[in-house]
Amino acid sequence: MTYDSSLSFIFMNTTRVVFGSGSSRDVREEVRALGCSRALIVTDAVLASRTDVPGRIEKTLGDSCAGVFSDVVPDSGVHIVDAGAAFARERGADCIVSVGGGSAIDTAKGIAIVLKEGGSLRDYEGFQVLKRPQTPHVAIPTTAGTGSEVTYVAVIKDHEAHQKLLFGDYNIIPNTALLDPDLTVGLPPHLTAATGMDAMSHAVEAIHSQQNEPIADGLALHAIRLIREFLPRAVADGNDLVARGQMLIASNMAGAAFSNAQVGLVHAIAHTVGARYGVHHGLANSIVMPHVVRFNAAEVAGTYRPVAAALGVAVDGLTDEACAELVAERLSDLCARTGLPQTLSSQGVPESALPELAEATLADASIIYNGRTVLGADELLEVYRAAF
Amino acid sequence: MSIAFPSEEWVTAFFTAINESPEYKEGGKPWTYGVTALVVNPQPEIGLTEAYGIWLDLHEGVCREAHHCTVEEAQTAPFCIFGDYARWKQVIHKELEPVKGMMQGKLKLKGNLQIIVRNVKAAQALVTCATRVPTRFLDEP
C-alpha cells in the first residue's frame with residue numbers, strides 16, 4: 001500500500017466506544033455522562049415485538065427513560081423521523097438511545113436533528129449544513145454490519161417523493177456506541193452472514209476508495225482479519241459470544257474506515273438493486289464484491305495486496321493481479337461458507353433489467369470514490385453480467 | 001486585467017465563460033434541476049464583511065442568468081453551496097473537487113447530493129469555466 005506526497009485527508013472518529021458482554025447495562029450511566037436525564041429509545045417494530053432487547057434497555061434506563069418509539073421500519077421515512085421527534089418532544093426527551101440495526105440508528109440520527117433544530121427532517125437535506133452538535137445519541141447496534149453507530153451519514157426515504165435522502169454531517173455522529181455481544185446472539189444465521197459481509201464490504205471499499213488513507217486503511221485491514229476469522233464462527237454458532245463480539249468490533253472499525261474513506265462501486269450497485277428489487281443490502285454487497293474487485297484490478301490491482309494478506313493469502317512472490325484474483329476468490333469462498341447466495345438472479349433480478357440497472361448505478365453518489373473511475377454504463381453492465 | 005473574486009464583475013465574467021464553454025454546453029445538458037447558488041462566507045480581514053451570494057440559473061447547458069445575491073436569497077435556491085473564502089479559492093484553482101469537498105465538510109451543501117453526483121460532469125465543467133476567469137483573490141497582494 002503506497003501513499004505519495006499528495007496525500008491529504010480529514011479523519012473524524014468522535015464516537016466513544018464501550019465494548020463488552022453486558023455493556024448495554026451501562027446505558028443509564030452513559031446517558032448521564034452526556035449530561036442527559038431523559039432518553040427516548042428508538043427501535044424497530046420487529047425487534048420490539050419479537051425480542052425483549054428494547055424492553056431490557058428500557059428497564060435498565062429506569063426513570064431515565066422518556067419513552068419507547070418503536071415505529072422504525074426498513075427504509076425508514078421522513079414522516080417516521082418527524083413523528084419520532086414529535087413524540088420525543090412530547091415526552092420531554094433530552095437524548096436518544098437507538099437500539100437495532102442501521103434503520104433504527106439512522107432514524108435516531110434524523111430524530112436527533114429535528115429534536116434540536118425543529119421543523120421537518122426535509123429542511124436539513126444536504127451535507128455538512130448543521131452548525132452545532134445535535135441531540136446527544138447513544139447507539140446500541142443489534143447487528144454487526146452497518147457500522148452506523150460511528151458514521152456521519154443517515155439515509156432516510158421521502159416516501160411521498162419516492163426518493164432516498166442523504167443527510168451527511170459530522171454533527172450527527174452518535175456520541176456513544178455500546179457494543180454488547182449479548183444483544184446479537186438472537187440474530188439468525190442468514191442475517192448474521194449478510195450483515196457480516198456488509199461490514200466486509202465497508203472494509204474492502206474503504207481500501208479501494210480513491211480517498212483511502214493510512215488511518216482508515218489500518219482500521220479496514222484489521223476489520224477484514226476479524227471478519228475472516230469470526231464470521232464463519234458466528235454463523236455456525238450464534239451463541240459464540242467471542243465471535244459475536246469480534247464481529248461487532250469489526251463492524252465498528254469498518255464503519256469508521258468507510259465513514260472517512262467512503263465506499264465505491266459495490267455500494268453503488270447494492271443501492272441500485274436494493275431500491276429496484278429489494279435485495280438485502282448486505283447480501284447485494286456480498287454478491288457483487290468479488291466482481292467489483294476483478295473490475296477494479298484492471299487499474300488498481302496493487303490495492304488488493306494487503307487485502308489478500310489480511311484474508312490469509314501468502315502474498316510473497318505473487319503479482320498484484322494474482323493477489324486481486326485471490327481476494328475475489330476468498331470473498332466468494334467466505335460467502336459460500338456462510339451460506340449466502342452468490343448471484344443476482346437468485347434474488348429475483350431479471351436479466352432484462354441489467355442494462356437499466358447499469359445506467360441507474362451511474363447516478364449513485366458512492367460511485368465517485370471507486371478506485372477505478374467508471375467511464376460509462378457499458379463497463380458496469382459487464383460487472384452486472386458477471387454477478388448475474 | 002484580473003477581476004476581484006467575488007464581485008459583480010467576476011459574476012458577469014463567469015456568466016460569459018459558462019456560456020462560451022463547449023464543455024459546459026455538453027456536460028450541463030442534463031441539468032434541469034433549477035438554480036444553484038454559491039455563497040462565500042464572510043471574512044472581514046480581507047474586506048469581505050458580509051456573505052457574498054452568486055445566483056446561477058443553469059438549465060440544459062446554458063446559464064440563463066447570473067447575479068450577485070444575498071445569503072437569504074441564495075438559500076431559496078434548490079441547491080445552495082456554502083464555503084469559506086479559502087475553500088472557494090481551492091475550487092477555482094482545481095485543488096478541491098466540489099463533491100469531495102461537500103462530503104468532507106469543506107463545503108456545505110443544502111440540497112440533494114445525489115442530483116449533484118448524477119451531474120458531476122456539469123459541476124466539473126463549471127469549475128473549468130471559473131478557472132478561465134482571470135481572477136484576483138482578495139487575500140493576495
Side-chain angles (χ1 to χ4, degrees), chain A residues 6 8-12 14 122-131 151-158 161-173 209-211 213 216 258-263 267-268 271-272 275 359-370 373-376, chain B residues 26-27 29-39 41-42 51 53 71-72 74-84 86-91 93-125 127:
Chain A
S6 68
S8 164
F9 63 90
I10 293 172
F11 183 87
M12 286 284 281
T14 56
R122 276 190 198 88
D123 303 335
Y124 307 101
E125 184 191 13
F127 264 68
Q128 311 284 8
V129 291
L130 301 167
K131 294 183 173 135
T151 68
Y152 78 117
V153 172
V155 183
I156 305 286
K157 197 166 182 180
D158 183 337
H162 303 288
Q163 258 187 334
K164 278 195 174 181
L165 307 183
L166 278 177
F167 301 84
D169 206 294
Y170 293 144
N171 287 304
I172 64 170
I173 299 174
S209 165
Q210 288 182 22
Q211 201 169 290
E213 38 86 356
F258 91 84
S259 186
N260 286 279
Q262 311 302 329
V263 286
H267 277 74
H271 294 156
T272 308
E359 196 66 49
T361 302
L362 287 172
D364 190 277
S366 305
I367 205 166
I368 60 173
Y369 288 104
N370 190 57
T373 300
V374 179
L375 299 174
Chain B
E26 184 60 31
K29 210 176 277 179
W31 183 266
T32 55
Y33 304 97
V35 171
T36 298
L38 315 177
V39 175
N41 294 331
V71 67
E72 290 78 17
Q75 290 190 77
T76 66
F79 298 88
C80 187
I81 306 168
F82 300 79
D84 290 340
R87 296 306 188 194
W88 286 117
K89 192 172 162 181
Q90 288 176 319
V91 170
H93 282 319
K94 285 199 165 180
E95 294 166 358
L96 177 62
E97 201 281 310
V99 176
K100 289 183 183 175
M102 289 168 206
M103 296 187 84
Q104 293 180 328
K106 293 175 178 173
L107 298 172
K108 297 177 187 295
L109 166 72
K110 196 167 185 304
N112 188 322
L113 182 74
Q114 298 272 31
I115 292 175
I116 301 260
V117 170
R118 208 176 299 154
N119 290 275
V120 73
K121 285 180 186 163
Q124 288 164 347
V127 172

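The two residues A:Phe127 and B:Leu113 come nearest to each other via the heavy atoms CE1-CD2, 3.5 Å.
Interface remark: B:Ile81 contributes no atoms to any contact with chain A (heavy atom separation under 4.5 Å). Heavy-atom distances place no part of A:Tyr124 under 4.5 Å from chain B, backbone and side chain included. Contacts between B:Lys100 and chain A at a heavy-atom distance below 4.5 Å involve backbone atoms as well as side-chain atoms. Proximity to chain B is absent for every atom of A:Asn260, based on heavy atoms less than 4.5 angstrom apart.
Chain A forms the most heavy-atom pairs under 4.5 Å with one residue out of B:Gln104, B:Met102, B:Arg118, B:Lys110, and that residue is B:Gln104.
A:Gln128 places no side-chain N or O within donor-acceptor distance of the main-chain N or O of B:Leu109, the cut-off being under 3.5 Å.
To the nearest 0.5 Å, atom CE of residue B:Met103 and atom OG of residue A:Ser259 are 9.5 Å apart. Residue B:Glu97 holds its CD atom at 6.0 Å from CD1 of A:Ile368, rounded to the nearest 0.5 Å.
In terms of the side-chain contact (heavy atoms from CB on, under 4.5 Å) criterion, residue partners of A:Glu125 (sequence neighbours excluded) are, by chain and number, A:Leu165, A:Phe167, B:Asn112.
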